[in-house]
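For reference, the structure is listed below as structure tokens.
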Amino acid sequence: MMSHRLLLVAVLAGAAVSVSARSASAQNFCDLVPAAVVQSTLGISATLTATANTQGGNGCDYKGASTGPITITADSVSDTGIYKTIFDQRLHSLGTGQQLVSGVGDAAYYDLKQHEQIPKYPGISYTQQSIVFRAKGKIVNFILLIPGGGVAKDKMLALANYAISKPLNTLKDPN
């Protein structure tokens, strides 16, 4: 009887380890940053849906509708090799509309492009905003494309900081 109890305890302990191991390893940004968090953090009134975009990576596409489509993409790569080199070079040669920001990970820059046009949606002016940052061994980017003037920069930074509070290091790297 005692051996059956020990076997049951061992099986239950194994099941608990298996469940916690699965939940500790995020497969993509949709697992780490839910659509409702993106929507509330950015202050977007349209309901967003999240779809994993994992073709060789760990991305998530968040989409919503308003006077024109709203899209937010998120993905990351390992902060090594060519990706590290490119990110470091970008930090030292920012383009028009790009600026270094502090308080977001180990290093970060913000990019703003206003009055963008999408041929499929004539007459609608879009704003593209990006926050790209280094944290927890990853280089991460969030890109927002939204009709009108965009969202406040501090909201993009808040979204990045929310992501940093999550286990980014568990995201699988692109193939």
Side-chain angles (χ1 to χ4, degrees), residues 25-44 46 48-64 68-118 125-175:
S25 179
Q27 296 300 306
N28 59 63
F29 269 93
C30 297
D31 296 335
L32 290 182
V33 184
V37 169
V38 173
Q39 181 179 335
S40 65
T41 302
L42 295 179
I44 296 172
L48 296 178
T49 59
T51 305
N53 179 3
T54 57
Q55 297 174 351
N58 55 33
C60 187
D61 293 330
Y62 305 91
K63 296 185 181 206
I70 300 168
T71 62
I72 300 106
T73 59
D75 60 38
S76 75
V77 295
S78 181
D79 184 21
T80 59
I82 190 70
Y83 299 114
K84 178 179 177 26
T85 301
I86 292 169
F87 182 77
D88 289 343
Q89 287 175 346
R90 173 63 63 184
L91 291 175
H92 299 291
S93 61
L94 297 174
T96 304
Q98 298 177 330
Q99 59 185 214
L100 293 175
V101 292
S102 60
V104 179
D106 301 325
Y109 68 90
Y110 171 78
D111 188 9
L112 174 65
K113 294 181 177 92
Q114 293 184 304
H115 310 295
E116 301 288 302
Q117 297 292 309
I118 300 174
S125 180
Y126 285 85
T127 296
Q128 179 178 315
Q129 295 168 264
S130 305
I131 181 72
V132 184
F133 59 92
R134 171 184 285 144
K136 298 183 179 179
K138 300 286 185 183
I139 297 171
V140 179
N141 71 34
F142 283 97
I143 303 169
L144 167 65
L145 186 64
I146 189 167
V151 300
K153 176 178 141 185
D154 65 329
K155 291 182 178 191
M156 290 292 290
L157 303 182
L159 181 60
N161 281 315
Y162 176 86
I164 291 169
S165 76
K166 301 301 175 185
L168 294 171
N169 54 325
T170 65
L171 290 168
K172 66 179 182 166
D173 283 327
N175 297 335

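Heads up: numbering here begins at 1 and tracks the sequence.
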Flag the pair [X] / [Y] as yes when at least one side-chain heavy-atom distance between them is below 4.5 Å, and no otherwise.
X	Y	answer
P147	I70	yes
D75	N28	no
T71	D61	no

With sequence neighbours excluded, what pairs up with K63 under the salt bridge (charged side-chain N to carboxylate O under 4.0 Å, His left out) test? none
Holding to side chain to side chain donor-acceptor pair (under 3.5 Å), I want the full list of residues that pass it with [X], two or more places apart in sequence or in another chain.
X	answer
E116	none
N161	none
Q98	R90, D111
D88	K84, R134

Please list all pairs meeting salt bridge (charged side-chain N to carboxylate O under 4.0 Å, His left out) that have one or both residues in residues 136-148, counting only residues at least two apart or in different chains. K138-D173
Suppose we screen for side-chain contact (heavy atoms from CB on, under 4.5 Å). Which residues come up paired with I118, at least two apart in sequence or across chains? K120, Y121, Y126, L145
Donor-acceptor pairs under 3.5 angstrom involving side-chain atoms of residues 101-108: please list them, not counting sequence neighbours.
none

Is there any ring-ring contact (aromatic ring centres under 6.0 Å, His included) pair reaching into residues 74-110, and which pairs are they, with sequence neighbours excluded? none
Show every ring-ring contact (aromatic ring centres under 6.0 Å, His included) that has at least one partner inside residues 127-172, sequence neighbours left out. F29-F142
So, for A135 and I164, which heavy atoms are closest and what is the spacing to 0.1 Å? CB-CG1, 3.9 Å
We want to know whether N58 and S76 form a side-chain donor-acceptor pair, criterion being a heavy-atom distance below 3.5 angstrom. yes
Looking only at atom types and distance, does a side-chain atom of [X] sit under 3.5 Å from a main-chain N or O of [Y], one as donor and one as acceptor?
X	Y	answer
S130	I143	no
T41	V38	no
Q128	K113	no

Y62: which residues meet the ring pair (Phe, Tyr, Trp, His ring centres under 6.0 Å) condition with it, sequence neighbours left out? none
Distance from I139 atom CD1 to L168 atom CG, nearest 0.5 Å? 12.0 Å
How many angstroms lie between OG1 in T85 and CG in D79, if you round to the nearest 0.5 Å? 9.5 Å
Using residues 149-160 as the side-chain source, report each donor-acceptor pair under 3.5 Å to any protein atom, sequence neighbours left out, with the distance given to one decimal.
residue : atom : partner : partner atom : Å
K153    : NZ   : Q99     : OE1          : 2.2

Between I146, I44, V33, which is the residue that forms a side chain to side chain contact (heavy atoms under 4.5 Å, CB included) with I72? I44
